[in-house]
Amino acid sequence: MKDKQEALNISPSEKSYQVLARGCKGQKQGLTLLDEIKSEGITADQTVYGLLIAGAAKQRLFGYLIQLVKRMTKDDVKPNDRLMEALERAYNLPCNKPVIPEKMDQLVVKLKRFRYVEQKGFQTFFENWKAKVHVLEKETAMRETGTSSHTEHYDDDSDDETSDGDVSDDETRNDDGSDDEDSKFSHL
């Protein structure tokens, strides 16, 4: 493609890369496109990643999905609602343990088992990644508003008195009168 660019004296735009992303048929083409975008000094945007993720999800290429999400995170591309919906759809695809008849070709058996394990791996990865993204979003929002997650507010008037919601030591005793350390925190 670079030869044609130089011969025609043109350079691709973000829209060009979006069209190319729509046409990617697999992992090799998608990752090559991302490398080419990076070599042009452009950062792939949410649309490019969304198109690649939607294509990978449609083909149930869960290992490729993991690579795309990791790369998107590394490139500091924040997921928008459409991108999250595509990932959620991939996450929610039915994942049933394969039923394998006795007289099935061993290659097919291995492929079915691999697909199942790969999908379970994606689901676990996505849950962890999604939790990290939400934590980062909260931290960013707190920094922007100037609040801290460690700020605690104390009411000076309630030091000596217990309110209705407080749990006294008497309430944390077991029926036999012994203290149960875990139950002291059950109200939290």
Side-chain angles (χ1 to χ4, degrees), residues 1-5 8 10-142 144:
M1 188 167 163
K2 291 208 184 249
D3 297 336
K4 291 179 183 179
Q5 289 176 10
L8 298 172
I10 59 171
S11 61
S13 66
E14 288 182 21
K15 287 286 186 193
S16 304
Y17 287 121
Q18 292 171 5
V19 171
L20 290 171
R22 186 179 301 277
C24 288
K25 298 293 181 199
Q27 179 174 348
K28 185 177 179 181
Q29 288 180 344
L31 294 177
T32 302
L33 177 65
L34 289 174
D35 290 338
E36 186 175 318
I37 292 172
K38 192 171 190 170
S39 72
E40 289 289 329
I42 301 171
T43 301
D45 62 359
Q46 295 167 334
T47 306
V48 170
Y49 275 107
L51 290 165
L52 293 174
I53 285 171
K58 187 176 182 180
Q59 296 177 32
R60 295 180 179 237
L61 300 173
F62 297 104
Y64 177 35
L65 277 171
I66 291 171
Q67 286 184 325
L68 288 171
V69 172
K70 284 181 178 180
R71 187 119 178 221
M72 183 178 71
T73 303
K74 184 178 125 190
D75 289 346
D76 200 31
V77 175
K78 306 287 185 249
N80 59 15
D81 290 339
R82 289 184 76 178
L83 203 142
M84 288 302 288
E85 287 172 11
L87 288 168
E88 289 282 348
R89 279 194 304 274
Y91 174 80
N92 290 320
L93 286 171
C95 183
N96 301 320
K97 196 167 187 173
V99 177
I100 301 171
E102 287 183 34
K103 295 184 178 184
M104 185 177 276
D105 183 17
Q106 289 301 311
L107 185 60
V108 174
V109 169
K110 286 181 181 180
L111 180 63
K112 284 186 173 210
R113 286 184 179 151
F114 175 75
R115 290 283 178 147
Y116 173 75
V117 170
E118 188 180 42
Q119 186 172 2
K120 284 293 191 184
F122 168 73
Q123 289 174 334
T124 302
F125 170 80
F126 180 67
E127 289 169 359
N128 294 331
W129 176 80
K130 189 175 172 183
K132 287 179 186 175
V133 167
H134 287 306
V135 167
L136 291 174
E137 286 175 352
K138 285 181 182 179
E139 288 176 357
T140 303
M142 286 181 176
E144 289 173 357

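Only heavy atoms go into these numbers, but all of them, side chains included; no hydrogens, no water, no symmetry mates. Residue numbers count from 1 along this sequence.
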Quick one: side chains of residues 121-130, donor-acceptor pairs under 3.5 Å with protein atoms, not counting sequence neighbours, listed by atom name and distance.
{"from": "Q123", "atom 1": "NE2", "to": "Y91", "atom 2": "O", "distance (Å)": "3.0"}
{"from": "T124", "atom 1": "OG1", "to": "K120", "atom 2": "O", "distance (Å)": "3.1"}
{"from": "E127", "atom 1": "OE2", "to": "Y91", "atom 2": "OH", "distance (Å)": "2.4"}
{"from": "N128", "atom 1": "ND2", "to": "T124", "atom 2": "O", "distance (Å)": "3.3"}
{"from": "W129", "atom 1": "NE1", "to": "T73", "atom 2": "OG1", "distance (Å)": "2.8"}
{"from": "K130", "atom 1": "NZ", "to": "E88", "atom 2": "OE2", "distance (Å)": "2.3"}

Taking only distance into account, with no hydrogens and no angle test, what donor-acceptor pairs under 3.5 Å do side-chain atoms of residues 54-71 form with protein atoms, sequence neighbours excluded?
{"from": "Q59", "atom 1": "NE2", "to": "K25", "atom 2": "O", "distance (Å)": "2.9"}
{"from": "Q67", "atom 1": "OE1", "to": "Q27", "atom 2": "NE2", "distance (Å)": "2.5"}
{"from": "R71", "atom 1": "NH1", "to": "D35", "atom 2": "OD1", "distance (Å)": "3.2"}
{"from": "R71", "atom 1": "NH2", "to": "D35", "atom 2": "OD1", "distance (Å)": "2.5"}

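By the side-chain hydrogen bond (donor to acceptor under 3.5 Å, both in side chains) test, Q29 is found to be paired with no residue, residues two or more places apart in sequence or in another chain being considered. When the ring-ring contact (aromatic ring centres under 6.0 Å, His included) test is applied to Y49, no partner is found at least two apart in sequence or on another chain. When the salt bridge (Lys or Arg N to Asp or Glu O under 4.0 Å) test is applied to K78, the partners found at least two apart in sequence or on another chain are D76. Under the side chain to side chain contact (heavy atoms under 4.5 Å, CB included) criterion, V108 pairs with M104, D105, K112, not counting sequence neighbours. In this structure, K103 has no side chain to side chain contact (heavy atoms under 4.5 Å, CB included) partners at least two apart in sequence or on a different chain.
Pairing each heavy atom of Q46 with each of P79, the nearest pair is NE2-C, 4.1 Å.
Here CD1 of I53 is found 12.5 Å from CZ of R82. Values are rounded to the nearest 0.5 Å. Note that CD of Q18 is 9.0 Å distant from CD1 of I37, once rounded to the nearest 0.5 Å. Taken from CG in L51 to CG in L83, the straight-line distance is 9.5 Å, to the nearest 0.5 Å. If you take CG on N80 and CG on D45, they are separated by 9.0 Å, rounding to the nearest 0.5 Å. Interatomic distance, L111 CG to R115 CZ, rounded to the nearest 0.5 Å: 5.5 Å. With values rounded to the nearest 0.5 angstrom, L52 atom CG is found 10.0 Å from L20 atom CG.
Applying the ring pair (Phe, Tyr, Trp, His ring centres under 6.0 Å) test to residues at least two apart or on different chains, none of the pairs has a partner in residues 65-90.
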